[in-house]
Every structure is written in structure tokens, then in C-alpha cells.
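Letters go in sequence order (proteins before strands), and every chain restarts at 1.
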2 protein chains.
Amino acid sequence: MANLKQLAQSLGLSITTVSRALDGYADVSAATRERVREAAEKTGYRPNASARRLRKQRAELVAVTLPSDPGHIGPPHFLDMLSGCAEHLAAAGLNLVIAPVPRGESELEICRRFVDGRRVDAMLLVRTKRRDERVEFLQSRGIPFVTNGRTESLVPHPFIDGDGFSGFRAATLRFHAAGHRRIGHIAGPQEYYFAHARCRGWQAAMEECGLAADLCAEGAPLEQGGYLAALELLRQPSRPTALVCATDEMAIGALRALREVDGGNQISIVGHDDLPMGAFTSPPLSTMRMTGENLGASFASLLLRAIAGEPAEELQEIHAIEFVDRDSHRRPPLAA
Amino acid sequence: MANLKQLAQSLGLSITTVSRALDGYADVSAATRERVREAAEKTGYRPNASARRLRKQRAELVAVTLPSDPGHIGPPHFLDMLSGCAEHLAAAGLNLVIAPVPRGESELEICRRFVDGRRVDAMLLVRTKRRDERVEFLQSRGIPFVTNGRTESLVPHPFIDGDGFSGFRAATLRFHAAGHRRIGHIAGPQEYYFAHARCRGWQAAMEECGLAADLCAEGAPLEQGGYLAALELLRQPSRPTALVCATDEMAIGALRALREVDGGNQISIVGHDDLPMGAFTSPPLSTMRMTGENLGASFASLLLRAIAGEPAEELQEIHAIEFVDRDSHRRPPLAA
DNA sequence: AAGATTCTCCAAAACGTTTTGGGAGTCAAG
DNA sequence: CTTGACTCCCAAAACGTTTTGGAGAATCTT
């Protein structure tokens, strides 16, 4: 039946006893515990979620905010990640609600609504900025949260992030080792931590090699942004022979730009994210990706531990970047 | 403050009056209404969601079940759809929770948990089967729901679906008009409605043209499934000159098979879904897609109307299929 | 001026659970 | 026979809101 009261009545017991029997407390005899369980099973009784949540002062929900830039909804493999995360949260009795950001409202406003309305026990933030007002707000409220991507916040918070700096440094050094000297970078918007870290990785490598880090163009983290940025670099008097792109989408746009200029098909290129379509571009796109299986499970675990009160310092994961070598990075260094 | 009680106390009013003032009832004077609103604004008061849900007997949540076949998490553009849906639901005070299906549990079990625990006001079902036990369960419980894809259920229910039958019939007729006579079909698992409808569309066209509908192979709706099914068709004594594939993923697998056999690059092919990577395959994949802007908004609207009690018959949308012509469908009909 | 109506406000109930703080029994030890 | 410990159960409070069913004061009607 619907009610605990009804179930109790039909058994001739108090609702206290029925409740405790179902929760497996020791202060109800094994006999009645079994009897109650059977009755509950037979009638298909499930406790009313709202009532429990009110009483236990827990929302049993975690919200993830979806960036609403159309067409660029989140990190690659985002849905797989969400699904895995939701599955592991569910095992702990938590459900994952998605919190899109309506036009004209800020992500901060959404966080406020969820947090101050006691709608969630924790939040999952995606696509962090270097200075992220959502992070500052959640920290001020003291509500548990985990971010996908670091921030420059002075007070530590839980996160999972790829080591973009090292990845892009290594990619640049690889090009240098292959003989390239004019290595360009197609950068994402620098207010995003991931974009900034990747740019710094490229810069660091160039400096180590004694090369000027001047072939850099910034654009939106989309195909179009990569296309425009690549065009800009190709107009330089001394063109790059290799291009390190902040994302695969930008790299795919850059490939389009390369097709449009003379000798462009001699320029090496590498992206980041390992988008499925990268395997089908021409040339097939060499790329990088964050290591780690089942990221969603990791996020879920971090969220649960944050809710349990573990200190933020112990809830930070930086994952190495691995290369996915296809064809686009092995053009000769002495092009056009 | 956190509490309605505290807010009322600080204003020297009863909680009744404060509650009604915030909800804009007319039986509180404009003066106090304004005073209450200001105080609420200043202290950042938001009603406790769990308490309101309990009292109003509404969960303010809608769940969408995620099919858990790894790597094939849902229809194309699924995340965009979810995001749009969540956004429009949010405007009506509902949040969207994602309900993944853990290994070893059935989707039916998940539905049961959500429905019987009063966790949701409605459900959104994805990837329907022809006979879908989730649909039967929800109908028996009388809880509102909308499906993405039709079923063969005798009692009508709300859905949004593409007109796969007509789309595949038309695609087949186009091949016939272009001179093709041996037109094969790479089919998805026939227990899914979409796969069955697309197969029937192909069959119908073949019959209309007086051709035998015998070049058909079924596979999993993935790249690998399409690859294997295509190889099977290519082994036939009288090979197809054109291939109509149930999904783009299968079509991409089929393209791989075509590359591996002599003369395979002379065979025409068309898919369905308009996956972004289709633009990058070689040859670029011709495909089809369901018409309609902002599908998520449509789902949200149907859900809200279903919750409001509109009869199912008025909540059924069949969208036309449109072609996306790239290169893969215009090979000469007289191949190998 | 009495009755009817309207305006403001409020006390209390209700939503369905979990948890607190015992209350009867029973049994063994003192 | 008392005491204490133990077992099994329960009444009542609490969670924070919305809604019901008025109450009292002011205003209008006649």
C-alpha cells in the first residue's frame, strides 16, 4: 500500500515498529521483522521519498549544471560520464538531476536556487573557469561539490582534471623532437582553466626549446573558432609547420583551414579530447585524452566522500594525458 | 533565513500570512505582501523543497531512463535533447533526473523504484521496444509518461517519433529511381520499434517496385553490427548495389566493410541520424534525420500536458524524415 | 444603527516519514 | 522479593511547508 500507516494497521503494529523493521533495526524481533518485510514486499510498499527527505533533512539529490552554449554542451563523452556517475550515486541512494541554465540566467543563479532551496546535497560543476563564481558561492555556503576541471581558487576544493599542462608541453616537445621549429598553438578562451593550462604547457615547451612562443591564436572552443584561429596563424609571415590545438573541435576547424591554403596539407596538427569523429577526418586526427576508466564512477565517489565530510585536499585527482596517434601529426617539419 | 517560521517571527506575522504573501494570494494586504517580499529577498529565503513536495504531494521531478548498453547510450543528439527538455521543465518548476540502469537490474525495476517511491511526477522513456514492459507498467500505474519512439501497445500513450517507415520507404524508392535494383537493408534489432519500422519501410518500397526484399541483414545498432551485417550481404551471390542502413553508426560500419571488398567503393549507402561524424567519413555519409526544432522543448511540453491530464491521443507527434545528401548515396547503380 | 460584506490575518491540521525517549514484559542474579 | 539488564514494542515529536476554516475589524448597505 501507499502508506506506512496503512501497512502498520494491516499488520496490527505501530508505524514505528514497521519503519524500524524495514530499516533492519535490532530492536524488533526477527519474527516480526520478517513478517513486516514479507507484507511490504507483497504490497509493494516503498517509503515516500519526499517525506523521508524532509524528515532526514537530506535531498538525496545531486545536481550537475549544464553549460548552455548551444552545440557545446560539455566535455567530450559527457553523457557517458553522467550516466556512470548517476549509476554510482544511485547505489548510495542519490539521484542525479540535470540543471540546465536557461537563457538570460547565470549559472550562479541556478546554483543559488538549488542550494538555498535545499534541493540538493551536493553539486557537480563542469567546465570551470580560472576564477569561477560558482565555486566561490558554493564555498561560501559550505555545500559539498566537485568540479570537472581546476580553478585558481585560493581555498582548495575537490576536482578531477586532466594534466593539460603536461600533455600540451609533451605534445609540443614531440613536434620539436621531430624537427619542427615553428609550432603554433590554437588556444581556447583563456578564462577557462583547461584552455589556459594547455596554452601554458605549449608556452613552457617553447621556452625550454629556446623558441619564441608567438604563434598563438585564440578562438571559441568550436569548429568555427579553430577555423578562424588557424586562418589567422596561416596569414603570419612565418607560418607554423605544426599546430597544437586546445580541443579536437578546434583542430577539425583548423583542418578545414589547412585545406584552403596552399601547402596546408603539409602542416602537422594535433588536438585534444579524442572525439569519435576524429578517426574519420582526413587526415585522421591525432589527439590526446585524459587517462582513467569510468570517470563517472570517480566523480560519484568524490561526491560521496565530499558529502561524508572528507577534506578537499584528499579529493583532488589529476589524470595524466595520453596520446592517440593517428596521421595528422606526422607531416614533415619543413613544409611550405 | 532558512525557515518560514523564523522569517515570520522576524516580521511579527504568522507563517500562514508569510507563506500566502510569498505565493501572491489576494487575502494579504498589498502593504504586508511587499514587506514580506522584501524581507524574503533580503534574507535570501527559499522554501524548503522537500517540505513543499511532501505537502503538495508532488515530487517536482521527472525521470528519464538511460539505456545502459555501453557506448550506445541513446538516440543521437540525446544530450542536446535532454538539456532542452530540462530547461523547459524547469520553467514549470520541474527538474529532470537521470535514471541509469545499473548492471543486473532491468529498466522495469528502475521505473518501479521511481514510481512507487513517489519520486517522480512523470517519466520520459527512450528507445522503445515494440512490446515495451516499461510502457505497460506505467500504464498500469496510471502515471504520466512520454516515450521517444512508438510501441505496439494497444492502449495509446504519448510519444514523439520520427516517421521511419516513410523515410526508409522514400530512401529506397530514391535508389530505385536512380536505377538501382538490388537494394539491401542493414537492419537494427527488430524488437525495437524504430528498427522494425525502418525495415518495413524498405520492404514496402521493394514490393511497390516489384523487387524481392531478400537482401536484408540484422545486427546490433553499432558500428560493429553494421560492419558484420554488410559483410553478410556482400557475400551474397547477387550483391546489392545500394545499402539502406538503419542507423549512421551501422552505416559507418558498413562503409568499413565496403572498403574491404573489391568494388565496394562503387556501392551506394545511406544512413539515419545525421551524426556529426558522418560529415567526415569517406565518402561523406548521406543520411536522414527527423525534422523539428528543439526536440527537448517538445518533450517537455508533452510531459507537462500529460501531467495536466490531457488524453494520450492528443499527445502524439510523428515527425517527417528529411534527407541529408552528401556523397555516399550517389554511386552508379551498375556496380560490380 | 443593524446587518451584510469585505479585508486582513491566523491557529491548527495535514503531508508520511524517522527518531526520541521511554513502557511493558521476561529473565537472571542478588 | 527486589534489582538490573534485556527484549520487544510504541506514542509522540519533529522535519517545513500549504491549505482549511474561520475570527476580528473595518467598510458598505439599507
Problem - Arg150(B) to Tyr193(B) six-membered ring, cation-pi geometry met (6.0 Å, 45°) - result: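 Negative - Arg150(B) is either too far from the ring of Tyr193(B) or too far off its axis.
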For atom [atom1] of [X] and atom [atom2] of [N], their distance in whole Å:
| X | N | atom1 | atom2 | answer |
| --- | --- | --- | --- | --- |
| Leu54(B) | dA14(D) | CG | P | 17 Å |
| Arg53(A) | dT17(D) | CZ | P | 17 Å |
| Asp23(B) | dC9(C) | CG | C1' | 16 Å |
| Leu4(B) | dA12(C) | CG | C1' | 15 Å |
| Arg58(B) | dT19(D) | CZ | C1' | 13 Å |
| Asn48(A) | dG16(C) | CG | C1' | 6 Å |

Can you see if the side chain of [X] gets near the phosphate of [N] - specifically, an N or O under 4.0 Å from OP1 or OP2?
| X | N | answer |
| --- | --- | --- |
| Gln57(A) | dT18(C) | no |
| Asn3(B) | dC15(D) | no |
| Tyr25(A) | dT19(C) | yes |

Fill in the blank from the handout: Axis-to-axis angle across the helix from dA1(C)-dT30(D) to dG30(C)-dC1(D), five pairs each end, nearest 10 degrees, ~ 60°
Problem - Gap between atom OG of Ser83(B) and atom CG of Leu79(A) - 0.5 Å precision - result: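 Leu79(A) atom CG to Ser83(B) atom OG measures 11.5 Å (nearest 0.5 Å).
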Problem - Close residues, residues 114-123 of chain B, relative to DNA chain D [heavy-atom separation under 4.0 Å] - result: none
Problem - Donor-acceptor pair, side chain of Arg53(A) and main chain of Ala59(A), under 3.5 angstrom - result: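 Yes, the answer is positive, given that a donor and an acceptor are paired below the 3.5 Å cut-off.
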Handout entry: Check: Arg55(A) side chain, dT17(C) base, donor-acceptor under 3.5 Å
Key = no
For the pair [X] and [Y], find out whether any cationic side-chain nitrogen is under 4.0 Å from an anionic carboxylate oxygen.
| X | Y | result |
| --- | --- | --- |
| Arg305(B) | Glu314(B) | no |
| Arg46(A) | Glu109(B) | yes |
| Arg58(B) | Asp121(B) | no |

Problem - More than 12 heavy atoms of other groups within 6.0 Å of Arg37(A) CZ - result: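 Correct, the count exceeds 12.
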Practice task
With the side chain of Lys56(A) defined as its heavy atoms from C-beta on, choose the nearest nucleotide among dT19(C), dG16(C), dT18(D).
Solution key: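 The closest nucleotide is dT19(C).
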Completion exercise
Per-nucleotide protein contact along nucleotides 4-10 of chain D, 5' to 3', at a 4.0 Å heavy-atom cut-off (B base, S sugar-phosphate only, - neither), is ----BBB
